[in-house]
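Just so it is clear, the values below take in all heavy atoms, side chains as well, and ignore hydrogens, waters and symmetry mates. The structure presented is a predicted model; accordingly, all values stated were derived computationally and were not measured.
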Amino acid sequence: KLASVLAQQFAPRMEGKGMEGLGYEVDVTTPDGLLKGRIDCVDQSDGVLTIKDYKTGTVFDSEGESASVRPEYVTQLKLYAAMYAEVFSKWPAKLFLVSMSGEFVPVQMTSDECCALAREAREQLYAANEKIESVLAGRKALSDLASPLPANCRFCTYRPVCAAYQNARISQPESQWPNDFWGTIVE
């Protein structure tokens, strides 16, 4: 909802408002049902189709001249472009991240790289589902699903009882793991 409020404050009047695929919080689900998202804003002005994603946090990974747009945001916008094209049979000409201050940050893209990201997302989904099915069928252990890395485990609520996480911490003590307490409670 915040995205909608921000979008309406910073977006110019849209041509063709009310047309399918244009507006705020546009839901896109690919025909195969595997990729799904909600695009903050899709507009068309002077015949140019544009996707905008409003960010409440920082758009850049650092400050200063060497700052670049956070890669996860670039990936998100490119996936939105690919999904939008699959659903509405039109490619956006422009992609923008919009900061809280109203700064429009362009994200460059080609249809080929957007399609490649969508293909990779599907491949990762298939691989994850295959692993899960192997565990459910008893061909693999539950711990085989784990990918213990500091970034992966940081917010995981299963972490306190995850043997793979505990083993990774022991074997890689130099990594910057989250802070944890382990032990036995004695009365």
*How long is the span from the CZ atom in Phe96 to the OG1 atom in Thr50, to the nearest 0.5 Å?*
6.0 Å

*Are Asp61 and Ser68 linked by a side-chain donor-acceptor pair shorter than 3.5 Å?*
yes

_Heavy-atom pair of closest approach, residues Gly37 and Tyr80_ = CA-CE2, 4.2 Å

*Taking the side chain as every heavy atom from C-beta outward, state whether Leu34 and Tyr126 have any atom pair closer than 4.5 Å.*
yes

*Do you reckon Leu145 sits in the same ILVMFWY cluster as Leu136, going by side-chain contacts under 4.5 Å, direct or chained?*
yes

_From CA spacing to verdict: salt bridge (charged side-chain N to carboxylate O under 4.0 Å, His left out), Arg122, Glu86_ = CA-CA 14 Å; Arg122 285 181 172 95; Glu86 282 189 48; 3.0 Å; yes

*Between Lys52 and Asp40, is there a salt bridge with N-O shorter than 4.0 Å?*
no

*Measure the spacing between CE of Met83 and CD1 of Ile51 and express it to the nearest 0.5 Å.*
8.5 Å

*Val48 and Lys94, any side-chain heavy atoms less than 4.5 Å apart*: yes

*State plainly whether the residues Asp27 and Lys36 are in salt-bridge range, i.e. N to O under 4.0 Å.*
no

*For residues Trp91 and Ala85, report the shortest heavy-atom separation together with the two atoms involved.*
CE2-CB, 3.4 Å

*Give the C-alpha distance, both sets of side-chain angles, the deciding distance and a yes or no for side chain to side chain contact (heavy atoms under 4.5 Å, CB included) between Val28 and Phe88.*
CA-CA 9 Å; Val28 287; Phe88 297 105; 3.9 Å; yes

*Quick one: closest heavy-atom pair of Pro150 and Trp177, and the distance?*
N-CZ3, 3.5 Å

*Measure from the side-chain N and O atoms of Asp144 to the backbone N and O of Lys140, and report whether any donor-acceptor pair falls under 3.5 Å.*
no

*asked:* Looking at every non-hydrogen atom in both residues, tell me the closest pair between Asn152 and Ser147 and how far apart they are.
replied: ND2-O, 2.7 Å

*Quick check: are there more than 12 heavy atoms from other residues, nucleotides or ligands sitting under 6.0 Å from CD of Glu130?*
no

*Is the charged tip of Lys55 near the ring of Tyr73: under 6.0 Å from the six-membered ring centre and within 45° of its axis?*
yes

*Looking at OG of Ser134 and CG of Asn129, how far apart are the two atoms once the value is rounded to the nearest 0.5 Å?*
10.5 Å

*Which heavy atom in Cys153 sits nearest to a heavy atom in Pro148, and how many Å separate them?*
SG-CA, 3.6 Å

_Tyr158 reachable from Leu149 in the ILVMFWY side-chain graph, under 4.5 Å edges_ = no

*Arg38 and Val26: CA distance, side-chain angles, deciding distance, side chain to side chain contact (heavy atoms under 4.5 Å, CB included) verdict*: CA-CA 5 Å; Arg38 177 172 287 162; Val26 176; over 6 Å; no

*Can any side-chain N or O of Thr58 pair as donor or acceptor with the backbone N or O of Phe60 at less than 3.5 Å?*
yes

*Do any N or O atoms from the side chain of Glu113 and from the backbone of Thr110 form a donor-acceptor pair under 3.5 angstrom?*
yes

_Beyond-backbone contact of Val69 with Val59, side-chain heavy atoms, under 4.5 angstrom_ = yes

_Flag if over 12 foreign heavy atoms under 6.0 Å of CZ, Arg154_ = no

*Taking the side chain as every heavy atom from C-beta outward, state whether Val87 and Thr29 have any atom pair closer than 4.5 Å.*
no

*Enter the distance from Leu117:CG to Asp112:CG here, rounded to the nearest 0.5 Å.*
11.5 Å

*Can you name the nearest heavy-atom pair linking Pro92 to Ala81, along with the distance?*
CG-CB, 3.7 Å

*Answer yes or no: is there a donor N or O on one side and an acceptor on the other, between the side chain of Arg169 and the main chain of Pro178, under 3.5 Å?*
yes

*Between Ile39 and Tyr84, is a side chain to side chain contact (heavy atoms under 4.5 Å, CB included) present by the stated rule, with each step listed?*
CA-CA 9 Å; Ile39 303 171; Tyr84 189 89; 4.0 Å; yes

*Between Val98 and Asp53, does a side chain to side chain contact (heavy atoms under 4.5 Å, CB included) hold up when you go through it step by step?*
CA-CA 6 Å; Val98 184; Asp53 193 50; over 6 Å; no

*asked:* Closer than 4.0 angstrom, basic N to acidic O: yes or no for Arg159 and Asp180?
replied: yes

*asked:* Nearest 0.5 Å, please: how far is CG in Leu79 from CD in Glu120?
replied: 8.5 Å

